[in-house]
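Below is one structure, written out as structure tokens; the observations come after it.
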Amino acid sequence: MAQVRTRMAPSPTGYFHVGSARTALFSWLFARQQGGEFILRIEDTDRERSTPEHVEVILDSMRWLGLEWDGDVIYQSENLDRHTAAAHQLLASGHAYRCYATTQEIAAARESAAARGVPSWKYTGPDCVISAEEQAARAAAGAPSVVRCRVPRAAGRIEFEDLVYGPQSIDPDEIDDFVLLRADGSPLYMLSVVCDDIDEGITHILRGQDHLSNTPKQILLYQALGAPVPQFGHLALIMAPDGSKLSKRRHGEVVSITTYRDRGFLPEAMCSFLAQLGYSTGEAEESELLTLDQLAADFDLSRAGRSNAKFIYDASNPKQWTDAKAQNLNASWIRSMPIADLLPHLRPWLERAGLWSDDFIGAQAEWFEATIDLIRQRFWTLEDFVVQGAAYLSDRVEYDPAAVKKNLAKNPRTGPLLNELANRFEAVPFDHESLEAALRGYAEEEGVGAGLLINGLRTAVTGYAVGPSAFELCLALGRERVLHRLRHLPALEG
RNA sequence: GGCCCCGUGGUCUAACGGUUAGGAUGCAGGCCUUUCAAGCCUGAGGCACGGGUUCAACUCCCGUCGGGGCUACCA
């Protein structure tokens, strides 16, 4: 039994599409589950778009997601000679032929067929548009020609078993004698993919459902080339909220994997989200927070859905910039994963924001971890650690205007009360019980609700209206910072 | 237009001939009360439609409608 080998074959477009990421994920999981290999091939034959930068985006995205590939990255552009050689082999074996009809002539034939009421005209042979004599004349005159695949129309329907969609059966008369080589001799996608997949020994091809109707043509090519036909598995597509195809052009950054990385997503969250789009993790799974290893362990293509999944977001609402479920999963991962696993993801963010200290993994490690654990319970992205988190990890406080207004500025007494609260805090042991007793006692003394001071305290020392329990966070912040911030409140306009 | 694929609450999904159609997310309300984009509880919300087959259909068949893909000398 040959070893399973899957591949991901993206073309460098300048971004890595979430749908591509999902295909890559499924291919990776399948290979992993089968104990096989997963290959990455860059389909860089479109010179315009294939810049090194564009390739890097793909590699970065794949690495970030944790989808490491086996062996070196393969570049399709390096195999072009083999693709044209394959076309010549097909020409020699009679599986392909030269076509001298021009695109205009073919279009005209198609139109007139439509005018005659022929529902679907196909290019079905060398002389279906121009006569054999004319072909010979053009050949003799050295006219340009393309190489077309000779679709075996008498061989009956083309059949295959799709790993996701089940049995497929296509009438060859529904397929044109498709072009293999352009007039300039360059190979087309249909030929190139098949050649590369044969060369790389790909056994299972998982890709978007948009390739389902290309499959019969490719099967024909495998057969004509005398190669074993791999197994195909097509994955339902990810659609935009309005049901249209998700595209960078129309839908923007939300479709790009690097956006998620840059906005503080955890790759684990992205993978578990992608895995749940159009796929159901087994009933045995209690949690939706599955790691790649857990996902791979019982990966089963039969649980892949056949209907397209919508990706719901609202570009006009900052809180819904991407799918709510994705955000929820990210928050869940951030809040529940072992601190030790979270740290490697968090550290670069803190470093970039100038919030990192080596003491966090040294002298202050215990405090640091406890603090992270405390504040992450209400965080949604890694970015939260450097915005709201700054107040806990440094002397920097970012005051949220709405919070200041609500908890500090609204009641004119708040400021002075908090200033005095600093003195009360200074006079007692710095522990939860003492602080709470001091605050409540002071509130009673002044005839104000404890809530006024508690909420004011939270905003004064963290900058935000929401966060952990006020006393707990004071302990995390430490005596000096709390006292200092209570004595140096932000400007209270309005 | 032709060929192909799909159709369970807003969204992601479970149930594969007999369930009060389950879960998640989102939404609404409540609790907590010192906050909430936290936590806990409750609630509203679904089998696209019409025919069959069957004692019995979300589950099987046909049709309709709806959505999507492909239909290039793009990938």
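What you are looking at is a predicted structure, and each value in this text was computed from that prediction instead of being measured. Order of the sequence lines sets the chain letters (A, B, ...), proteins ahead of strands, with each chain counted from 1.
Figure legend: cation-pi geometry between A:Arg22 and A:Phe26, with NZ or CZ positioned under 6.0 Å from the six-membered ring centre and within 45° of its axis.
Look at B:rG10: its Watson-Crick or wobble partner, with both distances under 3.5 angstrom, is B:rU25. Searching all strands for a Watson-Crick or G-U wobble partner of B:rA37 with both distances below 3.5 Å returns nothing. The pairing partner recorded for B:rU54 is none, the criterion being a Watson-Crick or G-U wobble arrangement whose two distances lie under 3.5 angstrom. The base-pairing partner of B:rU59, taking Watson-Crick or G-U wobble contacts with both distances under 3.5 Å, does not exist among the strands shown.
Side-chain atoms of A:Arg303 come within 3.5 Å of backbone N or O of A:Ser280 as a donor-acceptor pair. The backbone N or O of A:Val254 lies less than 3.5 Å from a partner atom in the side chain of A:Tyr260, making a donor-acceptor pair.
When distances are taken from the side chain of A:Glu174 to each of B:rG2, B:rU34, B:rA75, the shortest belongs to B:rG2. Of the candidates B:rC73, B:rU34, B:rC70, the closest approach to any side-chain atom of A:Val146 belongs to B:rC73. Comparing B:rC73, B:rC12, B:rC6 against the side chain of A:Ser307 picks out B:rC6 as the nearest. Each of B:rC12, B:rU34, B:rC4 was ranked by its minimum atom distance to the side chain of A:Ala470; first place goes to B:rU34. Of all nucleotides listed (B:rG2, B:rU35, B:rA75), B:rA75 comes nearest to the side chain of A:His211. Of the listed nucleotides (B:rA37, B:rC5, B:rU35), B:rU35 has the atom at the smallest distance from the side chain of A:Asn455. For A:Val466, the listed nucleotide lying nearest its side chain is B:rU35; candidates were B:rA14, B:rU35, B:rA75. Checking B:rU71, B:rC73, B:rG26 against every side-chain atom of A:Lys217, the shortest atom distance belongs to B:rU71. Counting only heavy atoms from C-beta on, A:Arg440 has its side chain closest to B:rU34 among B:rA14, B:rU34, B:rG68. Among B:rA75, B:rC12, B:rA38, the nucleotide with an atom closest to any side-chain atom of A:Arg378 is B:rA38.
Taking 3.5 Å as the limit, the base of B:rA75 and the side chain of A:Asp44 contain no donor-acceptor pair of atoms between them. Between the side chain of A:Arg306 and the base of B:rC5, no donor-acceptor pair of N or O atoms lies under 3.5 Å. Residue A:Lys325 places a side-chain atom within donor-acceptor reach of the base of B:rA24, judged by atom type and a 3.5 Å distance cut-off alone.
Residue A:Asn317 contributes atom CG, which lies 14 Å from atom C1' of B:rC27 at whole-angstrom precision. Between A:Ile334 atom CD1 and B:rA38 atom P the separation is 14 Å, expressed in whole Å. The OH atom of A:Tyr464 sits 14 Å away from the C1' atom of B:rC36 (whole-angstrom rounding). One interatomic measurement links the two molecules: CG of A:Asp177 to P of B:rA72, which rounds to 13 Å at whole-angstrom precision. Taking atom OH of residue A:Tyr165 and atom P of nucleotide B:rC5, one finds them 10 Å apart after rounding to whole Å.
A heavy atom lying under 4.0 Å from RNA chain B marks the following residues of residues 183-191 of chain A, by number: A:Ala183, A:Leu188, A:Tyr189.
Side-chain contact check for A:Gln276 versus A:Ser272: some heavy-atom pair is nearer than 4.5 Å.
OP1 or OP2 of B:rG67 has not a single side-chain nitrogen or oxygen of A:Lys245 nearer than 4.0 Å. At least one side-chain nitrogen or oxygen of A:Ser280 sits closer than 4.0 Å to the OP1 or OP2 atom of B:rA14.
A donor and an acceptor atom, one from each side chain of A:Thr215 and A:Arg207, are located under 3.5 Å apart. Side-chain contact check for A:Arg250 and A:Ser244: at least one donor-acceptor pair (N or O, by modelled atom type) lies under 3.5 Å.
Comment: A:Asp210 engages A:Lys245 in a salt bridge, judged by a side-chain N to carboxylate O separation of less than 4.0 angstrom.
The side chain to side chain contact (heavy atoms under 4.5 Å, CB included) with A:Thr84 is formed by just one residue from the set A:Ser192, A:Ser186, A:Pro187; it is A:Pro187.
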